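Below: one structure, written as structure tokens.
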Amino acid sequence: MNHWLMKSEPSVFGIDDLARAPRRRTLWDGVRNYQARNFMRDMRLGDEVFFYHSNCAEPGIAGVMRVVREAYPDPTQFDKNDPHFDPRSKPDDPRWSVVDLEFVKKFDAVVALSKLREVDALETMRILQRGNRLSVTPVSNKHWKKICSLAGEKT
DNA sequence: GCCAACGTTGGC
DNA sequence: GCCAACGTTGGC
């Protein structure tokens, strides 16, 4: 099983929104970056994903979700009324993908970005690198376990 | 193929 | 709100 991290702005869609969603599931739409898309296409059923809150008062990791459907075409790319509409994308040759994710747990407290930066063992994490903007990134087993322990969770 | 201009991300 | 870093676009 592989591990991942996905960013979302809590003012748009945060972990509480996922916990309240029907069947506690959502499709992760609106990704419009090729590298991030390619990572989503590598996700497999059962993979676990950190839910990262970005662009907010306390950026950091808020909890965990799980992949419950592997990549398929993002419906918003074909919807003229959606902000993520992509006129260059054709139904027989879609550019953008989504995966379905299910709520697993919310951490008792957000593991803050500032905290992650203090931990030597996490130095090489992708989201901690300078200028990083990717909204979907892989997380190594070592980093996954470390962050779970920071969150006070057993692995 | 180069690269300047532009739009977006996201921490602070 | 600021601004650095980055990806994309489009003229040449």
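Model, not experiment: these values are computed from the prediction. Residue numbering restarts at 1 for every chain, and letters A, B, ... go by the order of the sequence lines.
- Dashed line: the shortest gap from a side-chain N or O of A:Lys7 to OP1 or OP2 of B:dT9 is not under 4.0 Å.
- Contacts between residues 52-63 of chain A and DNA chain B, defined by a heavy-atom separation below 4.0 Å, involve A:Tyr52, A:Ser54, A:Asn55, A:Pro59, listed by number.
- Here the rule is side-chain contact (heavy atoms from CB on, under 4.5 Å) with A:Phe103, and of A:Val64, A:Asp17, A:Ile15 only A:Ile15 fits it.
- With a 6.0 Å cutoff to the six-membered ring centre and a 45° limit on the axis angle, A:Arg37 does not count as a cation-pi contact of A:Phe39.
- Between the CZ atom of A:Arg37 and the P atom of C:dG7 there is a distance of 15 Å, rounded to whole Å.
- Taking the six-membered ring for Trp, A:Trp28 and A:Phe51 have ring centres closer than 6.0 Å.
- One atom, NE2 of A:His84, and another, C1' of B:dT9, lie 13 Å apart when rounded to the nearest Å.
- Following chains of ILVMFWY side-chain contacts shorter than 4.5 Å, one cannot reach A:Leu27 starting from A:Met43, and the two form parts of different hydrophobic clusters.
- The ring of A:Trp96 has its center closer than 6.0 angstrom to the ring center of A:Tyr34.
- No more than 12 heavy atoms of other residues, nucleotides or ligands lie within 6.0 Å of NZ in A:Lys115, so this atom counts as exposed by the packing criterion.
- Judged by distance alone, with hydrogens and angles left aside, the side-chain atoms of A:Lys90 form a donor-acceptor pair with the main-chain N or O of A:Pro87 at under 3.5 Å.
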Taking it one step at a time, do A:Glu102 and A:Arg24 satisfy salt bridge (charged side-chain N to carboxylate O under 4.0 Å, His left out)?
CA-CA 6 Å; A:Glu102 179 180 60; A:Arg24 299 188 132 190; over 6 Å; no
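- A heavy atom lying under 4.0 Å from DNA chain C marks the following residues of residues 121-138 of chain A, by number: A:Arg130, A:Gly131, A:Arg133.
- Remark: A:Arg32 is not in phosphate contact with C:dC6, judged by side-chain N or O atoms under 4.0 Å from OP1 or OP2.
- Comparing C:dT8, C:dG7, B:dG11 by their nearest atom to the side chain of A:Leu113 picks out B:dG11.
- Rounded to a whole Å, the CG atom of A:Asn33 is 10 Å from the C1' atom of C:dC6.
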